[in-house]
Chemist: 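Starting off with a structure, shown below.
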Amino acid sequence: MHNSTLAPQENSLRHVTLTRLLAVSSLMGLIVLGLAWELWLAPLRPGGTLLALKVLPLCFPLTGLLKNRMYTYRWLSLLIWLYFTEGVVRAWGDAAPSNYFAMVEVLLCVVLFAACAFHVRLRLKHAKANPLAEQVDASIQN
């Protein structure tokens, strides 16, 4: 049996914070992995390629996640499937060590998607239970 000393609202806020931390860290991990992979670790051509620019679209949602904007979590959960697809294709078709980095990319994409989905679900649930608290959070963010 699990006995929690926290109130359900505090427990929910802890989970929201945890999903936010997971989303931000996995997004930053994807950015770092993409740059290191294409420039130093296993570039398609020696010296790096312009394929490193693929991480540029990942930099835009980072500010939204850091500002805790729900809309960013929603559209990022759709954008991330492009990187998931690239990771699956390169994990299947590239030679080692590039295919290992592709598998890490796939793992980070799955973690990011799950974190975004749970974050949105938990925040909506918390907002439904506490409508005034969400209005206070929105006024603080703006």
Chemist: Answer yes or no: is there a donor N or O on one side and an acceptor on the other, between the side chain of Thr63 and the main chain of Phe60, under 3.5 Å?
Modeler: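 Side chain of Thr63 to backbone of Phe60: a pair is present.
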
Chemist: Is there a path of hydrophobic side-chain contacts, each under 4.5 Å between heavy atoms of I, L, V, M, F, W or Y residues, that connects Leu27 with Met70?
Modeler: yes

Chemist: Could you go step by step and tell me if His119 and Asn68 meet the side chain to side chain contact (heavy atoms under 4.5 Å, CB included) rule?
Modeler: CA-CA 10 Å; His119 185 83; Asn68 207 19; 3.3 Å; yes

Chemist: What are the two closest heavy atoms between Glu38 and Arg90, and how far apart are they?
Modeler: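 So the minimum-distance heavy-atom pair works out to OE2-NH1, 2.5 Å.
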
Chemist: Mark yes or no for whether Tyr83, through its side chain, and Lys54, through its backbone, hold a donor-acceptor pair below 3.5 Å.
Modeler: yes

Chemist: How far does CG of Leu66 sit from CG of Leu62, to the nearest 0.5 angstrom?
Modeler: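 Going from CG on Leu66 over to CG on Leu62, the span is 4.5 Å.
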
Chemist: Can you list the steps and then say if Leu21 with Thr17 is a side chain to side chain contact (heavy atoms under 4.5 Å, CB included)?
Modeler: CA-CA 6 Å; Leu21 179 67; Thr17 304; 5.6 Å; no

Chemist: Is it true that a side-chain atom of Arg123 and a backbone atom of Val16 form a donor plus acceptor pair closer than 3.5 Å?
Modeler: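 A pair under 3.5 Å: no.
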
Chemist: Specify whether Phe101 and Trp37 have parallel, tilted or perpendicular ring planes, treating 30° as the upper limit for parallel and 60° as the lower limit for perpendicular.
Modeler: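 If you compare the ring of Phe101 with that of Trp37, the planes turn out tilted.
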
Chemist: Distance-only, no hydrogens or angles: does the Thr49 side chain make a donor-acceptor pair with backbone N or O of Arg45 under 3.5 Å?
Modeler: no

Chemist: Where do Ser77 and Phe113 come nearest, in terms of heavy atoms and distance?
Modeler: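 Scanning both residues completely, I find the closest heavy atoms to be O-CD1, 3.4 Å.
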
Chemist: Tell me whether the count of non-hydrogen atoms from other residues, nucleotides or ligands lying under 6.0 Å of CG in Leu78 goes above 12.
Modeler: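 Enclosed.
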
Chemist: Begin from the C-alpha positions of Leu112 and Leu22 and carry the test side chain to side chain contact (heavy atoms under 4.5 Å, CB included) through to its verdict.
Modeler: CA-CA 7 Å; Leu112 180 56; Leu22 272 173; over 6 Å; no

Chemist: Thr85 side chain to Trp81 main-chain N or O, any donor-acceptor pair under 3.5 Å?
Modeler: yes

